[in-house]
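Both backbone and side-chain heavy atoms feed into the values below; hydrogens, waters and symmetry mates do not.
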Amino acid sequence: MSWIREGELTIIERFCANIIKAGPMPKHVAFIMDGNRRYARKCHVERQQGHSQGFDKLAQTLRWCLNLGIQEVTVYAFSIENFKRSQEEVDGLMDLARQKFSRLLEEQCFLNVCFAYTSRHEISNAVREMAWGVEQGLLEPSDVSESLLDKCLYTNNSPDPDLLIRTSGEVRLSDFLLWQTSHSCLVFQSVLWPEYSFWNLCEAVLRFQMNYSALQKARDSYMEERRRQEMERDQAYVMEKLQQEGLASHGDSRRRRTLLQKCTAMREERIQSFLQALEHKRADFLERLCTVSA
C-alpha cells in the first residue's frame with residue numbers, strides 16, 4: 001500500500017478542503033519540520049522515536065497536500081549544522097532517513113528534500129559556479145545577474161515556494177531557502193512537527209490566501225524592476241558599441257535596435273551553453289561521489 005496515500009480525509013476535512021480550494025492556492029509549499037526532539041522529551045521517549053514520528057508525519061502531510069492540490073513540497077530534513085549533534089543521534093538520523101526516503105522513492109512523489117543543506121552554502125556555490133563560467137570563457141562578466149544566479153541554485157527546476165511553514169514556535173528561517181523565499185508567505189506555528197494536523201495546514205493556507213494580493217504585487221514589481229535593470233545593461237552595451245563605431249551622435253535607431261537584438265541573442269546563447277556545461281559538471285561530480293561511496 002502507498003505510504004503517502006494511506007488513509008482518507010474525513011467528511012468534514014474534505015468539505016473544508018473544497019472550500020479552501022475555491023481561493024488562490026499555493027503551488028509550492030516549503031516546511032521546516034521542527035520540534036521532533038522536543039516532542040520526544042514531552043512524550044518521554046527516545047529522540048530516535050521523535051524523529052521517526054516526524055518522518056511519518058511528513059508522509060501524512062504529503063497526503064494532505066495532495067488533497068489540497070498543492071503540486072510541490074520542499075522540506076528541510078537535515079542542515080549542515082545538524083552534523084554538530086552527538087554522533088549517536090546523527091547516525092540514527094542517517095539510518096532513519098535511508099529507510100524512510102527509500103520508501104518514498106517507490107512512490108510518484110512531488111517532494112524535494114534539502115539534506116546536508118544551508119542556504120548560504122547554496123548561494124555561495126551558485127556565485128562560484130558563475131565565476132567558473134566567466135573563467136572558462138563561457139560567460140561575459142556582464143552576463144552575471146540575479147536571473148542567472150536563480151538558474152545556478154539547487155532549486156532551479158522548481159518555482160519559488162509560495163508558502164513557507166515552520167513548526168515548533170521558532171520564528172526564524174535557520175538558513176533555509178533564503179533567496180527563494182524573498183516573496184513567499186512565511187507562517188510560524190507553535191505546534192511541534194510530529195503533532196502537526198490537517199487543520200494546522202489549513203490555517204497556514206488561509207494566511208497565504210489573506211496575503212496573496214500583496215505578495216503577488218510585490219513579486220510582480222520585483223520582476224519588472226529586474227527586467228528594467230537588464231534592459232538598461234543591454235542599452236549601455238549598445239551605446240558603447242555605437243560610440244566605438246562613431247554612430248552614437250547620429251541617433252541611428254535602426255542600428256541601435258539591431259545591436260540590441262544581437263546583444264540579447266548572444267547573451268542567451270552564452271547562458272544556455274554555460275548552463276549545459278554546468279549540468280555536465282554537476283553530473284560528473286555526482287558520478288564521482290557515488291563511485292567513492294560505493
Side-chain angles (χ1 to χ4, degrees), residues 1-21 25-79 82 92-115 158 161-170 174 176-177 185-209:
M1 184 180 292
S2 168
W3 186 33
I4 292 177
R5 291 168 179 79
E6 288 176 3
E8 292 292 338
L9 294 182
T10 64
I11 292 175
I12 187 66
E13 285 173 342
R14 286 200 302 271
F15 176 74
C16 290
N18 288 333
I19 292 175
I20 290 173
K21 287 191 288 186
M25 290 297 295
K27 296 180 176 64
H28 183 185
V29 177
F31 289 94
I32 300 177
M33 306 180 294
D34 196 16
N36 292 342
R37 296 199 294 177
R38 271 170 280 179
Y39 172 82
R41 287 197 298 270
K42 175 183 174 183
C43 297
H44 306 290
V45 298
E46 295 293 326
R47 283 180 180 176
Q48 190 73 355
Q49 182 61 28
H51 292 308
S52 181
Q53 291 287 332
F55 275 106
D56 290 338
K57 181 58 64 176
L58 170 59
Q60 191 176 23
T61 303
L62 290 174
R63 175 168 58 84
W64 298 331
C65 288
L66 277 173
N67 279 280
L68 287 171
I70 294 167
Q71 299 167 9
E72 190 167 351
V73 172
T74 297
V75 295
Y76 203 2
F78 202 80
S79 163
N82 291 151
L93 271 168
M94 294 299 108
D95 290 338
L96 189 60
R98 229 174 265 116
Q99 297 168 24
K100 299 296 186 178
F101 288 130
S102 293
R103 191 170 178 185
L104 278 173
L105 286 172
E106 298 170 3
E107 315 220 13
Q108 289 189 351
C109 198
F110 52 106
L111 176 67
N112 307 309
V113 180
C114 294
F115 207 86
S158 296
D162 301 295
L163 169 64
L164 182 143
I165 299 168
R166 178 170 188 155
T167 57
S168 86
E170 295 289 342
S174 295
F176 179 54
L177 301 180
C185 178
L186 308 180
V187 176
F188 301 95
Q189 298 175 301
S190 59
V191 61
L192 300 177
W193 175 249
E195 297 176 324
Y196 203 69
S197 71
F198 174 77
W199 303 112
N200 294 131
L201 179 58
C202 288
E203 178 204 0
V205 172
L206 284 171
R207 287 167 70 177
F208 163 78
Q209 291 178 337

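- Counting only heavy atoms from C-beta outward, the side chains of H51 and P194 never approach each other to under 4.5 Å.
- Under a 4.0 Å N-O distance rule, the pair D162/K27 does not qualify as a salt bridge.
- Residues passing the ring pair (Phe, Tyr, Trp, His ring centres under 6.0 Å) test with F15, sequence neighbours excluded: none.
- Between the N18 side chain and the R14 main chain, a donor and an acceptor come within less than 3.5 Å of each other.
- The main-chain N or O of K57 is found under 3.5 Å from a side-chain atom of T61 such that the two form a donor-acceptor pair.
- In this structure the side chain of M94 reaches within 4.5 angstrom of the side chain of F115, judged on heavy atoms.
- Looking at R63 and L9, their side chains come closer than 4.5 Å, going by heavy atoms from C-beta outward.
- If you take CD1 on I12 and CH2 on W199, they are separated by 5.5 Å, rounding to the nearest 0.5 Å.
- Under the 3.5 Å distance criterion, the side-chain polar atoms of Q49 are left unmatched by any main-chain donor or acceptor of H44.
- Residue E46 qualifies as open at atom CD: its count of foreign heavy atoms under 6.0 Å is 12 or below.
- Taking CG of L186 as the start and CZ of R166 as the end, the distance is 11.5 Å to the nearest 0.5 Å.
- No more than 12 heavy atoms of other residues, nucleotides or ligands sit less than 6.0 Å from atom NZ of K42.
- For the pair L164 and I32, the minimum side-chain heavy-atom distance is below 4.5 Å.
- In this structure, Y76 and F176 have parallel ring planes: the angle between them is below the 30° cut-off, well short of the 60° mark.
- In this structure the side chain of S158 never reaches within 4.5 angstrom of the side chain of T74, judged on heavy atoms.
- Put simply, the side chain of Q189 gets close to the backbone of N200: a donor and an acceptor are under 3.5 Å apart.
- Interatomic distance, S168 OG to Y39 OH, rounded to the nearest 0.5 Å: 15.0 Å.
- You'll find the side chain of D34 stays beyond 4.5 Å of the side chain of W193, heavy atoms only.
- A salt bridge links R207 to E203: one of the charged nitrogens lies within less than 4.0 Å of a carboxylate oxygen.
- Residues Q71 and F110 are not in side-chain contact: their nearest non-hydrogen atoms beyond the backbone lie 4.5 Å or more apart.
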Step by step, work out the side-chain hydrogen bond (donor to acceptor under 3.5 Å, both in side chains) result for N36 and Q53.
-> CA-CA 8 Å; N36 292 342; Q53 291 287 332; over 6 Å; no

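- At a threshold of 4.5 Å between non-hydrogen side-chain atoms, the residues L192 and T167 do not count as touching.
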